[in-house]
2 protein chains.
Amino acid sequence: MRILIIEDEEKMAKALRKGLEAEEYSVSVAQSGEEGFFLASTDPPDLVILDLMLPQRDGMEVLAALRQKGVSVPVLILTSKDTVRDRVCGLDAGADDYLVKPFAFPELVARVRALLRRGRPESVDTLRLADLEMRVTARVVSREGRELALTAREFDLLHYLLRNQGRVVSREMLARDVWQETARYTPLDNVIDVHVANLRRKIDEPFGNKLLHTVRGVGFVLREEAS
Amino acid sequence: MRILIIEDEEKMAKALRKGLEAEEYSVSVAQSGEEGFFLASTDPPDLVILDLMLPQRDGMEVLAALRQKGVSVPVLILTSKDTVRDRVCGLDAGADDYLVKPFAFPELVARVRALLRRGRPESVDTLRLADLEMRVTARVVSREGRELALTAREFDLLHYLLRNQGRVVSREMLARDVWQETARYTPLDNVIDVHVANLRRKIDEPFGNKLLHTVRGVGFVLREEAS
DNA sequence: ATCTTCGATGATTAGAATGCGCATGCGACT
DNA sequence: AGTCGCATGCGCATTCTAATCATCGAAGAT
């Protein structure tokens with residue numbers, strides 16, 4: 001994940017770079033508004049951290065120019081201007097977050113994480129395990145590129161298993177979270193097993209390596225290697 | 001734009017609702033964590049404003065449960081817990097912003113705007129799917145170049161489906177967003193189905209490949225490939 | 001240790017019940 | 001006339017139930 005810091009104070013810039021690099025981000029620094037605008041618009045990073053008081057070109061100007069140009073990279077404003085008026089201005093100019101100096105570094109990092117998390121919306125929308133792929137809102141499931149026809153229940157079941165891939169899920173969990181039956185699940189009732197079997201027939205049987213394994217006495221897991 | 005406020009203190013909730021409604025948002029309020037979780041997960045709004053100290057179920061729990069369930073709606077935490085530790089926790093649990101009480105209302109609104117801005121793709125006047133084309137302001141729909149005569153309802157319905165192409169939309173969503181009937185949709189009431197059928201007759205039946213598919217148990221999708 | 005036995009757990013199958021989606025038609029309103 | 005809301009009824013995919021079959025693994029005997 002690439003972060004661009006636009007900040008003229010050298011001390012602050014260095015501290016930020018060091019701290020963010022420790023978090024495994026790839027950091028570059030622009031020392032002026034002009035330079036920052038150029039870098040952000042020619043090769044947009046995944047996030048911009050923007051100081052407001054800059055030589056040559058004010059931070060607000062840089063932000064406005066970027067948005068004007070259609071650059072939609074997330075921007076976090078980091079400044080000592082702390083009035084409500086300043087914050088509202090910054091946010092309304094197109095910033096995604098506004099943090100006031102002095103600040104706590106852990107909070108900055110948390111906010112950076114939050115912004116970068118949002119940047120990849122499709123990663124939330126599509127779940128994957130090996131060559132099995134689920135696009136959630138479209139309700140489409142495919143394996144080896146071939147689309148599979150699942151019923152509503154089967155889809156919900158697989159959705160739950162994919163979200164908990166690697167974890168063993170019990171029948172009680174499935175009864176509660178997929179079937180929404182709070183209490184009255186009985187061992188006599190093998191609805192779950194039936195649907196698991198049906199799901200297996202569609203997502204596993206036609207293909208080589210099985211993904212849906214049963215853990216005797218406990219429940220089921222979705223994972224790659226055989227157990 | 002729909003906002004859900006999860007907040008038990010009645011005074012605060014009322015003030016928020018009033019202020020946000022003045023900004024043209026459609027606001028609903030949940031008085032407990034339990035209720036908030038239910039509302040947010042069954043019918044996700046465009047934004048959630050979440051208090052942390054709640055009866056029944058703590059705000060952090062609600063957030064974690066929502067993310068766990070794959071609900072990716074933007075969440076702004078609004079609380080009086082103001083330590084750095086609290087903020088980092090909240091953001092890392094999946095919140096998108098964190099604002100501390102007492103707060104300046106204009107700042108809240110600016111942050112709300114910033115969050116909602118991200119969710120929206122910029123508006124376009126002509127929507128397209130395969131050879132189906134809709135010019136929105138002109139209210140003209142055509143396929144294979146031939147203009148189609150749609151009624152007002154049919155147009156609104158198709159408009160909604162086109163804006164959400166590729167996503168499965170439920171009857172509840174249609175009842176709310178196309179019919180604006182907040183609550184009194186019943187499964188017995190098949191108005192939606194009738195209009196979907198009529199729409200199909202006009203945009204799909206005369207042509208080769210169908211675009212409007214039904215997803216049994218869930219709703220309808222507009223998309224190209226057959227499923 | 002290895003083999004055998006047996007109970008418990010999971011898998012499979014088929015048929016029954018459910019509920020969903022769709023067509024149709026009528027009345028009301030514009 | 002055209003459009004929309006609403007109700008009824010049918011057909012069928014989906015889901016559930018229930019009964020049978022397969023498999024696993026621990027315990028005991030050899």
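Every value quoted in this text rests on a predicted model; they were computed, and no experiment measured them. In what follows, chains carry the letters A, B, and so on, assigned in the order in which the sequence lines appear, proteins first and then strands, with residues in each chain numbered from 1.
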> Between Arg128(B) and Thr126(B), do the side chains contain an N or O donor and an N or O acceptor separated by less than 3.5 Å?
Replying inline: yes
> Separation of Leu157(B) atom CG from dG5(D) atom P, in whole Å?
Replying inline: 11 Å
> Taking N and O atoms by type only, does the side chain of Asn190(A) place a donor or acceptor under 3.5 Å from a partner on the base of dT12(C)?
Replying inline: yes
>> Whether Arg171(A) contacts dT9(C) is assessed here as follows: a side-chain N or O lying under 4.0 Å from the phosphate OP1 or OP2. Is that the case?
In response: no
> For Asp189(A) and dA18(D), what is the distance between atoms CG and C1' respectively, to the nearest whole Å?
Replying inline: 10 Å
> So what does Val194(B) hit on the nucleic acid, given a heavy-atom distance under 4.0 Å: a base, only sugar-phosphate, or nothing?
Replying inline: base
>> Please tell me if Thr151(A) has a side-chain N or O lying less than 4.0 Å from either OP1 or OP2 of dT15(D).
In response: yes
> Under 4.0 Å: is that the gap between some side-chain N or O of Arg201(B) and OP1 or OP2 of dT24(C)?
Replying inline: no
> The side chain of Arg153(B) lies closest to which of these nucleotides: dG21(C), dT14(D), dC4(D)?
Replying inline: dC4(D)
> Has the side chain of Arg67(A) got a donor or acceptor atom that lies under 3.5 Å from a matching backbone atom of Gly94(A)?
Replying inline: yes
>> If the cut-off is 4.0 Å, is His195(A) near the phosphate of dT14(D), judged by side-chain N/O to OP1 or OP2?
In response: no
> Given atom CG of Asp156(A) and atom P of dT14(D), what is their separation to the nearest angstrom?
Replying inline: 13 Å
> Under 4.0 Å between a side-chain N/O of Arg216(B) and OP1 or OP2 of dC12(D), yes or no?
Replying inline: no
>> Keeping Arg111(B) on the side-chain end and Tyr98(A) on the backbone end, is there a donor-acceptor pair under 3.5 Å?
In response: yes
>> Does dC16(D) have OP1 or OP2 under 4.0 Å away from a side-chain N or O of Trp179(A)?
In response: yes
> Ala152(A) or Glu154(B): which one's nearest nucleotide on DNA chain D is closer to the 5' end?
Replying inline: Glu154(B)
>> Taking the cut-offs as 6.0 angstrom to the six-membered ring centre and 45 degrees off its axis, would you call Arg57(B) and Phe37(B) a cation-pi pair?
In response: yes
